[in-house]
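Sequence lines set the chain letters: A, B, ... in the order given, protein chains first and strands last, and positions in each chain run from 1. Since this is a predicted model, take the numbers as computed values, not measurements.
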Amino acid sequence: MEMQSVTYQCPNCNAALEYSTNHGGFRCLYCDSEFGEEEIKKHFAENEQHRLEQADPALTREQREIEEFTGASALYSCPNCGANVICGELEASVRCHFCHTPVILTGRLSGEFKPDLIIPFSTTREVAKQAFKEYTKGKFLLPRGFKKNAEIVEISALYVPYWMKSGLVNIRAKATGKKIRTWRSGDTRYTNTKVYDVIRDMELAFIRVPCDGSVRIDDSLMESIEPFNYQGIKPFSMSYLSGCAAEKYDVPMEQAEKRINERISSACTEEVRKDMAGYSSVSVTSSEINYNRSAVVYALLPVWFLNYRFKGRDYPFVMNGQTGSRFGILPVSKLKCILMGAGLSVVIGFIAKLLGGLFLG
Amino acid sequence: MDKIIKTALCAALAVLMTIFGSALPVSAEGYICTVLDLSGVMELDEEMDLRNYLTTAANDIGCNIIVTYVRDLYGDSPNSYAQRQIFYYYGENGNAASLLICDDPAGYHCIELGGAAADRYSDKTEDILTEVRSALAADGYAAAGYKFAEALGAEQFYMDSTDPDAKTSTAAPPNRLEPSGSYSVVIKDTDGVINAEDERELTELLARAALLAKCNMGIIITDDLNGEQPRRVADVFLDEQFGADSDAIVMLLTADPNGYNWLSFSEQADINYGYKINDIFDAVYEGLAHGYVSGIKAYCAYFGVEKGETIQGFSVRLEDRDNSLTSSEEEYLLGLMQETANEIECNVGVVITDQLNGKSEKRYTDDFADESFGTGSDNAVLLLNNDTEIDYFSAFGKGTDLYKGYDDPILANVQDALKKDGFSSAVEAYCNVLTDIADGKEIEYTEYDYSINFDYNSERDGSILFDWVVPFVVGIAVAAMITAGFASGYRKKAPVSAKAYMDSGRTRVLNREDIFVREYTTSHKISSSSGGGGGSRRGGGGRSRGGRSGGGRRR
């Protein structure tokens, strides 16, 4: 079925507007006019809400399942050139294949899929490319010829769907703490051990702990470019999506919340252990975590995806579209590993021999 | 990035403060001293003067000081006692030096260190204790306390009784020890019960005993006390013969039916031997059963003068503490040792033991040499050690001149003989090799691959396995871990902790409980040597302690 779509058009010439990551405003692709965020939002404010309301009503779970089962994709008509274009089932913001006009699929952003928040992109494609080059510098285990032959296949800016949970957490932890002291008297060494039951009750506040809501995107990849700076977070507006790809979530909130709870639980345990100071050793025997208050929101967060190819194999590289934090999977040269290991073995072996000679006489 | 720089700077500052802070004698409250005179050996003002000095000294050297005088440990170990003083007064890891002057018959003087003091003085405790002992013997208890602080590095305030301008203590100091032992001996036989020849021999034995006991010695033999108390007779004799302030022991042997035998001690001799009076009399009475001469010989033997030993020429001492020799072997070997001593013109000693009592081989041998022949005498002493099986040879004075650098050939010959024919042959071989070296002959011996270390740090087997294979296996393992760590960074990055999203301003501790459950203490003996395997040697060779040389060798 055909999905409703919308484009943001230049107030001057009606050509497509694109959100510019350079200066955080909008630029007309045809007449190069530039408009501020507030200006465009105001201009399109009446329409935005109306469009979302008029958008296809949110599918029921049953209807969605039918769609997923049949591998249904959306068919939309480009508001600019009128072409009928098919897009992927998760895409919420695309470019028309024919006229390259940014098109926002309002149906994928309404109802339960309407994001609460968004962090707009603040880094450009060039910055992403440069980040990749800088990332590979100094990596001496890269195979020979990597820098010359690694080819960037694709760079894309994508708003990744995230679930974010905030909450006030109570943790009650019990542990066994030991204070150990030793001393020598004559030719006897004494060890005195005092054993304590250590109990801590703490209240901790967590603000928007994220978990990406996309099945296809590797969670560990996304976690490696955290944290996002929430000072730049804004209420969701479709206008930010113009010119960038966006996806809706396909990881239900309950599933994402489980992952977030695990992260919060680890952090709480770490914090509690920090408070159990003054012991030679601490062993946590039990811990109980309760949420006093919690709220989960759905947001779109900016990420640059860059795929590069080296010796016939594709490797991913991602960069935080707000902070520039980056991570990529790099190939490792086995030969260089062996050489490095051998060199280190020799050096460390000599040091061990010298130190052994010093201590053992 | 800022956080990283700040953390690095804090860490560097902490390291610098740890390195230099431990050398700074600074504390908000200053350093203090504790003087505990549990034996009542000092007058109050003497104790106060000592305490005042030690307080200044403690701040001078940057270390708390405890000096404890105790007569009875009630079965406690001196080292434990001294260590506990530090815990009680300055807490766990307290920066303190604790001296225990102990007159308990089963005890000994010792020094224990805590905290930073252990780092500074642990390798000097033996030397400090030697100085303290000398001061104690020369000038008394308070002097020992002053010397302790001085030896730790405080400004000198040692009461030198020979310096007329020096501050003197209220207690009359006994005579200062003469290093080579020039002590007086007197035998007064009022009734002529001993013939002249015996008296000459006994005088020589008594002179030897005086040297070993480090005090003057006198013996009165009389059948008639003329109604005087034995104590008075002995005390008057002591004052007349040696002086009221001298360090002396006088034994009164009387056949007067209204009297009894008596031992009079000067103040210092009383400290050293007073508590052994019953043991001395037991030995004397055993000898008296065979006559006065035997009784006096037994008296001399108690102080270390061995039966059959003469002091003509040079001395010998054979101490078999492990019952490895028969009586006849001992007699034979003493004769052989005496010939050797006369030939090489040097005292010769041999001690066989199976218990070093916590001492190092070197310390045990050196102490035996000092006890047997006196500090500073020419000697060559062999330790046959059945405890750790590291035999040791030590020489001093002329012994060093003759045998420096020869410890290995001497020990090799001794150990070869020991392995073949036992201890008697070992001592015989010892005497032969001493003579041969003194005559300039070439000595054949079995060389080892490694030499024994002077400090007796841990042993090594000296095999290729430990020298080369083990370090490189360790190197390979560590290198593999480092390389794997680097490589894994190319594929995975540690995820950001949720702590990055924590509002630390709203973190609250609602309840904090630390409930004591129980306490227990375990102990284990620290082995005196590590490693094993016969035939290994550690680096070392001839070395001296003010003229002393020596070396050890494992069997």
Side-chain angles (χ1 to χ4, degrees), chain A residues 139 141 168 170 177 181 183-209 220 223-224 226-227 260 263-264 266-267 270-271 275 327 329-332 337 340-353 356 359-361, chain B residues 77 79-80 83 87 92-93 112 358 453 455 457-460 466-468 470-472 474-476 478-480 482-483 486-487 490-503 506-526 528 531 538-539:
Chain A
K139 300 277 194 296
L141 292 180
L168 205 57
N170 258 27
R181 69 179 174 94
W183 71 94
R184 181 175 170 167
S185 179
D187 59 354
T188 305
R189 182 164 295 282
Y190 295 91
T191 304
N192 175 266
T193 307
K194 288 182 182 168
V195 181
Y196 292 81
D197 276 341
V198 184
I199 299 172
R200 295 287 185 271
D201 285 317
M202 290 181 75
E203 185 181 83
L204 303 112
F206 290 90
I207 312 294
R208 295 188 188 129
V209 179
S220 61
E223 283 174 15
S224 62
E226 289 179 23
I260 294 171
R263 295 181 72 183
I264 289 175
S266 294
E270 240 181 272
E271 205 55 26
D275 195 73
F327 176 71
I329 294 177
L330 298 171
V332 172
C337 276
M340 178 182 169
L344 279 176
S345 302
V346 170
V347 170
I348 295 171
F350 265 118
I351 292 171
K353 181 171 163 34
F359 286 120
L360 299 177
Chain B
S77 138
N79 290 96
S80 301
Q83 188 70 39
F87 291 139
E92 186 182 353
N93 294 322
E112 288 291 328
N453 191 306
D455 289 323
N457 292 328
S458 55
E459 285 184 6
R460 292 187 317 146
F466 283 100
D467 273 359
W468 293 98
V470 168
F472 280 99
V474 167
I476 289 167
V478 173
I482 293 173
T483 308
F486 268 103
Y490 284 42
R491 294 202 173 98
K492 199 170 170 136
K493 185 177 166 184
V496 170
S497 163
K499 278 173 69 171
Y501 303 99
M502 200 172 76
D503 184 355
R506 287 161 69 175
T507 299
R508 292 193 299 152
V509 178
L510 303 174
N511 179 34
R512 201 180 263 132
E513 287 177 55
D514 297 83
I515 304 161
F516 175 75
V517 175
R518 66 181 184 281
E519 178 179 5
Y520 56 90
T521 303
T522 58
S523 64
H524 73 271
K525 283 260 184 227
I526 301 163
S528 56
R538 292 163 284 182

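- With respect to chain A, the highest number of heavy-atom pairs below 4.5 Å among B/Ala494, B/Gly358, B/Ala500, B/Ala487 belongs to B/Ala487.
- Contact of A/Leu168 with chain B is made through the side chain alone, with heavy-atom distances under 4.5 Å.
- The parts of A/Tyr190 that come within reach of chain B are both its backbone and its side chain, each placing non-hydrogen atoms under 4.5 angstrom from that chain.
- Looking only at heavy-atom pairs under 4.5 Å with chain B, the residue among A/Val195, A/Asn170, A/Leu330 that has the most is A/Val195.
- Both the backbone and the side chain of A/Thr193 come within less than 4.5 Å of a heavy atom in chain B.
- In terms of non-hydrogen atom pairs under 4.5 Å with chain B, the most contact-rich of A/Ala342, A/Gly343, A/Ala267 is A/Ala267.
- Checked for salt-bridge contact, A/Arg263 and A/Glu226 meet the test: a charged N lies under 4.0 Å from a carboxylate O.
- Using a 4.5 Å heavy-atom threshold, the side chains of A/Arg181 and B/Phe87 count as touching.
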Show your working on side-chain contact (heavy atoms from CB on, under 4.5 Å) between B/Glu513 and A/Asp197 and close with a plain yes or no.
CA-CA 8 Å; B/Glu513 287 177 55; A/Asp197 276 341; over 6 Å; no
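- The neighbour count for A/Lys194 NZ, taken as heavy atoms of other residues, nucleotides or ligands under 6.0 Å away, does not exceed 12.
- Both the backbone and the side chain of A/Ser224 come within less than 4.5 Å of a heavy atom of chain B.
- In terms of non-hydrogen atom pairs under 4.5 Å with chain B, the most contact-rich of A/Val198, A/Ile264, A/Leu204, A/Asp275 is A/Asp275.
- A donor-acceptor pair under 3.5 Å is formed between the side chain of B/Tyr490 and the backbone N or O of A/Leu141.
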Go through the steps for B/Val509 and A/Glu271 under the test side-chain contact (heavy atoms from CB on, under 4.5 Å), then give the verdict.
CA-CA 10 Å; B/Val509 178; A/Glu271 205 55 26; over 6 Å; no
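- For A/Arg208, the part lying under 4.5 angstrom from a heavy atom of chain B is the backbone only.
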Just do the ring pair (Phe, Tyr, Trp, His ring centres under 6.0 Å) check on A/Phe206 and B/Tyr501 with the steps written out, would you?
CA-CA 6 Å; A/Phe206 290 90; B/Tyr501 303 99; 8.7 Å; no
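- Neither the backbone nor the side chain of B/Ala480 comes within contact range of chain A; no heavy atoms are under 4.5 Å apart.
- Across all their heavy atoms, B/Ile482 and A/Leu344 have their closest contact at CG2-CD1, 3.7 Å.
- In terms of non-hydrogen atom pairs under 4.5 Å with chain A, the most contact-rich of B/Arg506, B/Arg508, B/Gln83, B/Lys492 is B/Arg508.
- Per-residue heavy-atom pair counts under 4.5 Å with chain A were compared for B/Thr483, B/Val478, B/Val474, and the maximum is reached by B/Thr483.
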